[in-house]
Amino acid sequence: MYARIVKLNFMNDFSKQAASSLLVELGKTKGFAAGMLFRLSVDISATQRYSMTIWPDKTSEEKSWKLFGEGVLKKLRETGARVEISRGKINEMQISKDLDFSKFFVN
């Protein structure tokens, strides 16, 4: 599996909310259609967000990036957002041992 982690710093809360709506919709319509396995976004502050996507392999991640990711990145930067991107292969055993999603669902 292959991950893409995007750190986004926006000029203000309004621009973050507007971009977040677009990114969620793209994930639902294009990301999963292009093979994305998992998507997680976390708001760190009123103007900062991290987004992680998991892909079956590097080829799928790169293909989706060329299809729509590059265009979105350009639009985000035009709004004044700062974007940092990290990519890399995931050790599948590491995920299964270290991620315990049961702690996310508290009654």
Side-chain angles (χ1 to χ4, degrees):
M1 287 192 284
Y2 202 79
R4 177 191 315 144
I5 300 172
V6 180
K7 178 182 175 187
L8 299 158
N9 288 296
F10 297 94
M11 299 296 286
N12 54 49
D13 181 51
F14 180 78
S15 63
K16 184 184 100 184
Q17 293 304 324
S20 296
S21 294
L22 170 68
L23 294 172
V24 167
E25 190 59 32
L26 278 174
K28 288 179 184 177
T29 59
K30 293 187 178 185
F32 287 109
M36 183 172 64
L37 301 173
F38 179 79
R39 181 181 184 278
L40 174 70
S41 292
V42 178
D43 288 338
I44 303 301
S45 71
T47 58
Q48 190 176 55
R49 169 175 270 207
Y50 279 87
S51 179
M52 178 179 71
T53 55
I54 306 293
W55 302 84
D57 51 44
K58 184 177 180 179
T59 303
S60 299
E61 188 274 336
E62 289 175 339
K63 182 178 177 183
S64 73
W65 187 250
K66 290 194 183 308
L67 284 175
F68 57 90
E70 289 176 345
V72 171
L73 177 64
K74 182 180 177 187
K75 289 178 184 179
L76 287 172
R77 287 191 169 142
E78 286 173 357
T79 69
R82 289 189 324 253
V83 182
E84 296 175 37
I85 302 169
S86 301
R87 295 177 169 95
K89 186 174 177 166
I90 298 174
N91 179 338
E92 293 178 40
M93 292 304 293
Q94 193 69 25
I95 288 177
S96 64
K97 284 188 224 174
D98 295 342
L99 282 182
D100 181 1
F101 287 104
S102 66
K103 293 176 182 161
F104 286 91
F105 305 103
V106 178
N107 294 325

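Computation of the quantities below employed the complete heavy-atom set of this structure, encompassing side-chain atoms and omitting hydrogens, waters and symmetry-equivalent molecules.
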Distance-minimising heavy-atom pair for S64 and A34:
CB-CB, 4.1 Å
Separation between NZ (K75) and CD (E70), nearest 0.5 Å, reads 13.0 Å
Keeping K16 on the side-chain end and S45 on the backbone end, is there a donor-acceptor pair under 3.5 Å?
yes
Same cluster (ILVMFWY, side-chain, under 4.5 Å), V83 and F10:
yes
Show the nearest heavy-atom pair for residues W55 and M36, with the distance to one decimal.
CZ3-N, 3.3 Å
How many angstroms lie between atom CD1 of I5 and atom CD1 of I85, to the nearest 0.5 angstrom?
11.5 Å
If every non-hydrogen atom of F38 is compared with every non-hydrogen atom of F32, which pair is closest and at what distance?
N-CE2, 4.2 Å
Applying the side-chain hydrogen bond (donor to acceptor under 3.5 Å, both in side chains) criterion to D43, which one of Q17, R49, Q48 satisfies it?
R49
Which atom pair, heavy atoms only, marks the closest approach of M11 to T79?
CG-O, 3.7 Å
Report yes or no: do M1 and L40 belong to one cluster of Ile/Leu/Val/Met/Phe/Trp/Tyr joined by side chain heavy-atom distances under 4.5 Å?
yes
Rounded to the nearest 0.5 Å, what's the gap from CG on D57 to NZ on K63? Could you check?
10.5 Å
Between K58 and K89, is a side-chain contact (heavy atoms from CB on, under 4.5 Å) present by the stated rule, with each step listed?
CA-CA 7 Å; K58 184 177 180 179; K89 186 174 177 166; over 6 Å; no
Side chains of R39 and S51 in contact at under 4.5 Å (non-hydrogen atoms):
yes
For the student: nearest non-hydrogen atoms of I90 and A3, plus distance
CD1-CB, 3.4 Å
With clusters defined by side-chain heavy atoms of hydrophobic residues (ILVMFWY) lying less than 4.5 Å apart, directly or transitively, does L73 cluster with L8?
yes
Report whether V72 and L67 are members of the same hydrophobic cluster (ILVMFWY, side-chain heavy atoms less than 4.5 Å apart, transitive linking).
no
